[in-house]
Protein chains: 2
Amino acid sequence: MQKEHILSKNQKIIFDLIDKFGGPMKAYSILFNVQKKGIKAPLQVYRALDKLVEIGKIHKIESRNAFIACQNSSCQVSKATAFSICESCENVSEISNSKLSKYLSNFSDNSGMKYSKYNLEFFGLCKKCKSK
Amino acid sequence: MQKEHILSKNQKIIFDLIDKFGGPMKAYSILFNVQKKGIKAPLQVYRALDKLVEIGKIHKIESRNAFIACQNSSCQVSKATAFSICESCENVSEISNSKLSKYLSNFSDNSGMKYSKYNLEFFGLCKKCKSK
DNA sequence: CTTATAAATGTTATATTATTACATACTGTT
DNA sequence: AACAGTATGTAATAATATAACATTTATAAG
């Protein structure tokens, strides 16, 4: 059972754009694309992005400074994320692998750290780029 | 057996600083700290950082835009990295766990991607911050 | 319904992080 | 000595992100 977050005006505009685009988008590219909808300033974009990340509707691809819509409908909070990134075509997709997420969510070591969140990025070549 | 990389002048100045500091350092903080040694421009810092990352002497903490000296002497290339990050005190340390690294290095799924590299960041509270 | 509070918005300016472009110098071969 | 590869120096600028402040809208409590 997942809590429905009602998005505000700006949040909805920005989420819809990212979701429709389907891949990772950069903040200023988002800004450019929503200027016709009245969102004029970077901060308006970043505020919406922050909120959308917080509620798990999008994720930040840290190594690319880009944002992608969550591809995993059950993911209400961004506390366990894994992505595969093609270093040739920059295609990104979210990995939904229950064994992997279980393994990482349960990971602990003798450092005394209490882990509550992780983000994993795999890099390589996608199917298409491999065969070129 | 690990290949010895002979560092150039700027690379050595910057590596020594990061290594001595012991924690993650940001590029412009590095710049500030090496200006007395004659390194005046951001690009000089970024070039050295790029090279040091490439040869595995330092790693980039993507979620923090910061650089930390490799704490794992056997790590000549940054192709399999894992870090624990305290969200309260921002302490970062490199995780050296052979089961974890084996698990992730061997990870594959049915996406057709050939993975050659990964970076994992765990977030939570360190021992000290937990008990506050 | 009205008061209080939290969340979201709008706007300007600015801080922080990173790269482009071009010229020069050093290092190790053949 | 000539060449190739790597590193350096310098100036300008691009790209990413936040601070500060004023205002408005939504939500909940009395």
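In the text below, chain A, chain B and the rest are named by the order of the sequence lines, each starting its count at 1.
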Which nucleotide in the list C:dT11, D:dA7, C:dA18 gets nearest to the side chain of B:N65?
C:dA18

Out of D:dT10, C:dA18, C:dT9, whichever nucleotide has its closest atom nearest the side chain of B:K60:
C:dA18

Considering the terminal five base pairs at each end of the helix from C:dC1-D:dG30 to C:dT30-D:dA1, what angle separates the two local helix axes, rounded to 10°?
40°

Nearest nucleotide by nearest heavy atom, which residue falls closer to the 5' end of DNA chain C, B:R47 or B:R64?
B:R64

It should be established whether A:Q44 places a side-chain nitrogen or oxygen under 4.0 Å from OP1 or OP2 of nucleotide C:dT9.
no

For D:dT16 and A:K26 - does any side-chain N or O of the residue sit under 4.0 Å from the phosphate oxygens OP1/OP2?
yes

Is the B:Y115-A:F123 ring centre distance short of 6.0 angstrom?
no

Between D:dA17 and A:Y28, counting only base atoms on the nucleotide and side-chain atoms on the residue, is there a donor-acceptor pair under 3.5 Å?
yes

Please list, by residue number, the residues of residues 8-25 of chain A whose heavy atoms come closer than 4.0 Å to an atom of DNA chain D; answer none if no residue qualifies.
none

Heavy atoms within less than 4.0 Å of DNA chain D: which residues of residues 32-42 of chain A have one? Give them sorted by number.
none

Check whether B:S105 reaches the backbone of B:K102 with its side chain - one donor and one acceptor, N or O, closer than 3.5 Å.
no

Do you see a donor-acceptor pair shorter than 3.5 Å between the side chains of A:S63 and B:E62?
no

